[in-house]
Structures are given as structure tokens and as C-alpha cells.
Protein chains: 2
Amino acid sequence: MKLGSGVEWSIHCLALLGALPPGRSLRLEKLAEFHNLKVAYLRKHFQALSKAGLVATVTGPQGGYRLGRSSDKISLLDIYIALEGDDHCFRCTEIRQDGPCANPALDKPSYSIPCNIAVSMWKAEDAWRKELAKVSIADVLGATAKQVSSEKMERMAQWLTEALA
Amino acid sequence: MKLGSGVEWSIHCLALLGALPPGRSLRLEKLAEFHNLKVAYLRKHFQALSKAGLVATVTGPQGGYRLGRSSDKISLLDIYIALEGDDHCFRCTEIRQDGPCANPALDKPSYSIPCNIAVSMWKAEDAWRKELAKVSIADVLGATAKQVSSEKMERMAQWLTEALA
DNA sequence: GGCAAATTACTCGGATAGGACATGTCCGAGTTCGGCAGG
DNA sequence: CCTGCCGAACTCGGACATGTCCTATCCGAGTAATTTGCC
């Protein structure tokens with residue numbers, strides 16, 4: 001169970017977008033430059049983010065991306081779902097209903113109850129999702145602000161100013 | 001983030017092994033037959049389970065697999081780790097240390113603190129793992145016994161007797 | 001000088017190759033059981 | 001009849017193809033700013 005690199009990239013990029021002055025947008029090229037990421041590949045991920053409404057696009061010159069809604073309304077779970085889908089990571093194929101001992105017709109009452117193995121797996125997955133849902137881009141920004149030196153904050157502000165120019 | 005089919009297969013198979021009479025083992029072919037699974041592919045998964053010590057092998061005629069330790073000492077997490085490795089599903093590549101605004105030398109104090117994004121992701125993963133660690137093969141067996149009809153339990157016992165003969 | 005339309009330049013979106021991992025399959029190494037010969 | 005040895009059969013383990021999804025890239029569609037010509 002591995003998460004694609006798009007999740008990490010997107011969280012960082014959305015955090016940067018969250019730090020933008022209200023109403024402003026940032027080009028993808030600049031977004032990639034800030035984190036030294038592959039532009040073309042990052043673009044692909046932003047297609048998904050755009051479809052999910054997490055980012056809004058501004059087309060044409062001076063265009064770019066901005067957050068689709070306020071940073072405290074975008075959770076890490078939202079980002080994950082936008083990029084990797086909302087399917088369960090554990091897929092129950094109901095193999096209990098197969099094999100020489102199973103009889104779907106006869107055992108139907110039992111099979112109307114979900115497979116207890118799947119239930120346990122899904123319960124764990126729910127715990128995971130709940131944790132992710134707790135954390136928003138605003139939270140990420142707040143935490144980052146606390147742990148980053150004021151010098152770097154200054155450098156970032158400077159860079160942003162030039163990028164938006 | 002998708003789990004391989006081996007996880008589902010293995011849990012079901014280990015549950016079956018847990019239902020074996022003490023000291024007995026079951027051939028892989030029979031294990032696959034019980035759930036109507038591809039024998040050759042299931043074999044591959046059992047190699048991993050064997051390496052992790054979750055199952056013990058009995059070679060030669062009348063050989064097969066049995067649980068490596070008591071069913072209440074084998075958790076779903078153990079199975080997952082054995083099959084898919086114990087790496088974090090979220091991989092932090094420390095992209096915060098890259099880019100025009102980052103200065104690894106100058107910002108070293110900040111970078112000694114883990115990236116807060118990674119922390120949030122890992123926290124969620126820990127919640128997931130904790131849930132999986134709670135559930136053992138013995139628990140699965142207990143839950144199954146509760147929800148399966150006595151007729152099917154009888155059929156299974158019958159089949160097992162023949163398979164062990 | 002002001003205004004409007006065509007042009008230009010710039011941005012994102014989707015279609016398109018390449019590579020890594022999960023999936024699926026097969027044959028060889030090792031061990032136990034059964035048979036057989038000898039005592 | 002018992003014992004020891006030998007052969008054969010059976011089991012798992014690892015090496016080998018295949019498919020699918022993530023990774024990576026490029027070119028076209030659409031839009032806003034700019035320029036230019038006209039009033």
C-alpha cells in the first residue's frame with residue numbers, strides 16, 4: 001500500500017497556494033519551481049485537483065491556480081481522494097461465497113451480513129481517513145509557520161512577490 | 001492506495017489454518033481449493049508468510065502449512081506487513097529542503113524537526129495500523145463462527161476431514 | 001485622445017509513451033513415506 | 001519377523017513471463033492582455 005508522489009507534491013503546493021494574497025493565482029511553472037518539481041508531471045496531478053474542485057483555474061496570461069475554497073475547508077483526505085480515488089483500499093471479493101463449502105443460495109442469510117474480515121479492514125481504513133480529515137491546509141500552514149525560521153519566511157515572501165509580479 | 005489481493009487471500013487462508021486440529025497441516029492445493037483461488041499465485045503469497053514466520057511449513061508427503069504461532073498472536077497488521085512490507089505508505093521526500101527559498105545549510109535547525117505534513121500523514125497511518133493490530137486471526141475465527149450457519153459449519157468440518165485424510 | 005476589433009502570447013487540459021510493481025505461471029530442491037532385501 | 005536401506009512420490013521454494021497502474025512528457029484548445037487602426 002503505497003501512496004503516489006502526487007499526494008506529497010499536492011499538499012505542499014496547496015499549502016503554498018493557501019499562502020497567496022486573496023484573489024491572486026500562481027502559475028504551475030512557478031509552483032513547480034518553488035519545490036523543484038517536474039512541471040509536466042505536476043500538471044497531471046493538478047488536473048485531478050481541478051476536477052475535484054480543490055483548485056480553481058484562471059486561464060490566459062497572468063492566470064494560474066488558486067485554492068477552490070478556503071484553506072480550512074480543504075483536508076488532507078480531500079486531496080487524497082481527489083488524486084487516488086475514493087475506493088476502499090481493501091477490496092473484498094467475497095471469496096467466502098466461493099469454494100466447495102459455500103452455497104450462495106443456501107447461505108444467503110449469512111452473506112447478507114458483511115464479511116467480518118472486510119469489516120475489520122474497513123474499520124481501520126475509516127480510522128485512517130478520520131485522522132486525515134482532521135487536518136486542513138490551514139492547519140498545515142499554521143504548523144509550518146511555527147517551525148520555519150523568520151529568515152526563511154522572509155525569503156519565501158520575497159520570492160512570492162517576484163513570482164506574482 | 002490499494003492493497004494487493006494477497007492480503008485478502010492470506011487472511012482467509014490463515015483463518016482456515018487456525019481452524020485446523022492442533023498439530024495438523026494443510027496442503028496449499030487444498031487451501032486454494034477451499035476458496036477457489038489460483039494455486040500458483042497463492043503459493044507466492046505463502047512464501048512471504050512463511051518468511052515472516054506467520055506460517056510454518058511441513059515438507060514431504062502429508063506435509064503442508066500450519067500457523068507459525070497461536071492464532072491470537074497473529075494480527076491483521078502482521079499479515080499486511082509480511083505481504084506488503086513495513087515501509088510507510090506516505091513517503092516524505094523532504095521537498096521542503098529544495099527549491100529557491102530553501103537553504104539546507106542555513107535552515108538546518110528547522111529541518112531537524114520532521115516535516116509537519118509527513119507527521120500528519122504518519123499519524124493517520126499509525127491509527128490505521130493500530131486498528132489492524134487489534135484484530136487477530138482468532139478474532140476473525142470467532143466472528144465467523146458467530147455469523148455462519150451451523151449447516152455451513154458442518155459442511156466445512158466435513159470437507160476438512162476429507163482434506164486431511 | 002478614446003474605443004473597438006484583431007492579434008498575440010500565455011495558460012491550462014487532455015492524449016500519448018515509458019517504467020516499475022503487482023499479477024500469474026512453471027520447474028527444481030528437499031523431505032518423508034513406502035517397499036524391499038537382508039539378517 | 002524385525003531392521004536398515006533404497007527408491008519414488010510428494011511438498012514447498014524460488015526463478016521466470018505478463019498485465020496493469022504509476023510515472024513522465026508533449027502538443028493542442030481556450031482565454032486575457034496587447035497592439036493597432038479607426039473615429
Side-chain angles (χ1 to χ4, degrees), chain A residues 1-10 13 17 23-33 36-68 80 82-85 87 89-91 93 95 163-165, chain B residues 1-10 13 17 23-33 36-68 80 82-85 87 89-91 93 95 163-165:
Chain A
M1 180 162 93
K2 299 287 187 304
L3 276 70
S5 59
V7 176
E8 182 187 13
W9 294 16
S10 297
C13 288
L17 290 183
R24 300 302 303 269
S25 60
L26 193 60
R27 285 190 299 139
L28 188 75
E29 187 189 324
K30 284 292 172 187
L31 232 67
E33 177 189 324
N36 197 25
L37 303 174
K38 311 250 182 185
V39 182
Y41 190 28
L42 183 63
R43 185 179 301 281
K44 186 170 187 70
H45 292 314
F46 263 75
Q47 288 179 25
L49 296 174
S50 178
K51 279 193 175 178
L54 299 187
V55 296
T57 65
V58 181
T59 59
Q62 298 301 317
Y65 289 103
R66 58 178 174 79
L67 290 186
Y80 164 75
L83 292 171
E84 312 227 340
D87 296 333
C89 66
F90 178 82
R91 287 159 290 183
T93 57
I95 60 182
L164 288 171
Chain B
M1 181 162 95
K2 301 285 189 306
L3 277 70
S5 59
V7 176
E8 182 187 12
W9 293 15
S10 297
C13 288
L17 290 184
R24 298 304 302 269
S25 61
L26 193 61
R27 286 189 301 137
L28 188 76
E29 186 189 324
K30 284 294 171 186
L31 262 149
E33 177 189 324
N36 196 26
L37 304 173
K38 311 247 182 186
V39 182
Y41 191 27
L42 184 64
R43 185 179 300 280
K44 188 174 187 66
H45 293 313
F46 263 76
Q47 289 179 23
L49 296 174
S50 178
K51 280 192 175 179
L54 299 186
V55 295
T57 63
V58 180
T59 59
Q62 297 302 316
Y65 288 101
R66 58 179 174 79
L67 291 186
Y80 163 76
L83 292 172
E84 313 226 339
D87 295 333
C89 65
F90 177 83
R91 286 159 291 183
T93 57
I95 60 181
L164 288 172

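The chains referred to below are lettered A, B, ... by the order of the sequence lines, with proteins before strands, and numbering in each begins at 1.
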Next on the checklist: My understanding is that only residues two or more places apart in sequence, or in another chain, count here; which of them pass salt bridge (Lys or Arg N to Asp or Glu O under 4.0 Å) with A:Glu84?
Outcome noted: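 Testing A:Glu84 for salt bridge (Lys or Arg N to Asp or Glu O under 4.0 Å), a comparison that skips the adjacent residues, returns none.
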
Rounded off to whole Å, could you give me the [atom1]-to-[atom2] distance for the [X] and [N] pair?
X	N	atom1	atom2	result
B:Lys38	D:dT18	NZ	P	15 Å
B:Lys2	C:dA22	NZ	C1'	14 Å
A:Tyr41	C:dG14	OH	P	16 Å
B:Leu42	C:dC26	CG	C1'	16 Å
A:Leu83	D:dC21	CG	P	17 Å
A:Trp9	D:dC22	CH2	P	15 Å
B:Glu8	C:dA22	CD	P	17 Å
B:Lys44	C:dC27	NZ	P	16 Å

Checklist entry - Less than 4.5 Å apart, any side-chain heavy atom of B:Tyr65 and any of B:Thr57? => result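 Heavy-atom side-chain distance check passes, below 4.5 Å.
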
Checklist entry - Can you find a heavy atom in the side chain of A:Ser5 that is under 4.5 Å from one in the side chain of B:Thr93? => result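 No - every pair of side-chain heavy atoms lies 4.5 Å or more apart.
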
Next on the checklist: Please evaluate residues A:Cys13 and A:Leu37 with respect to the criterion side-chain contact (heavy atoms from CB on, under 4.5 Å), reporting the C-alpha separation (whole Å), side-chain torsions for both, the decisive distance (0.1 Å), and the verdict.
Outcome noted: CA-CA 10 Å; A:Cys13 288; A:Leu37 303 174; 4.3 Å; yes

Checklist entry - Is there a donor-acceptor contact under 3.5 Å from the side chain of A:Arg66 to the main chain of A:Leu17? => result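 Not a single qualifying donor-acceptor pair exists.
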
Item to check | Parallel, tilted or perpendicular: rings of B:His45 and B:Trp9 (30°, 60°) | outcome: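 Perpendicular: the ring planes of B:Trp9 and B:His45 meet at over 60°.
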
Pairwise N/O distances under 3.5 Å, protein to nucleotides 9-13 of chain C:
residue : atom : partner : partner atom : Å
C:dT11  : OP1  : A:Arg27 : NE           : 2.8
C:dT11  : OP1  : A:Arg27 : NH1          : 3.2
C:dT11  : OP2  : A:Arg27 : NH1          : 3.3
C:dT11  : O4'  : A:Gly60 : O            : 3.2
C:dC12  : OP1  : A:Leu28 : N            : 3.1
C:dG13  : OP1  : A:Ser50 : OG           : 3.2
C:dG13  : OP2  : A:Tyr65 : OH           : 2.7

Checklist entry - Taking only N and O in the side chain of B:Ser5, is any of them less than 4.0 Å away from OP1 or OP2 of C:dA22? => result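 Answer is no, no contact under 4.0 Å.
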
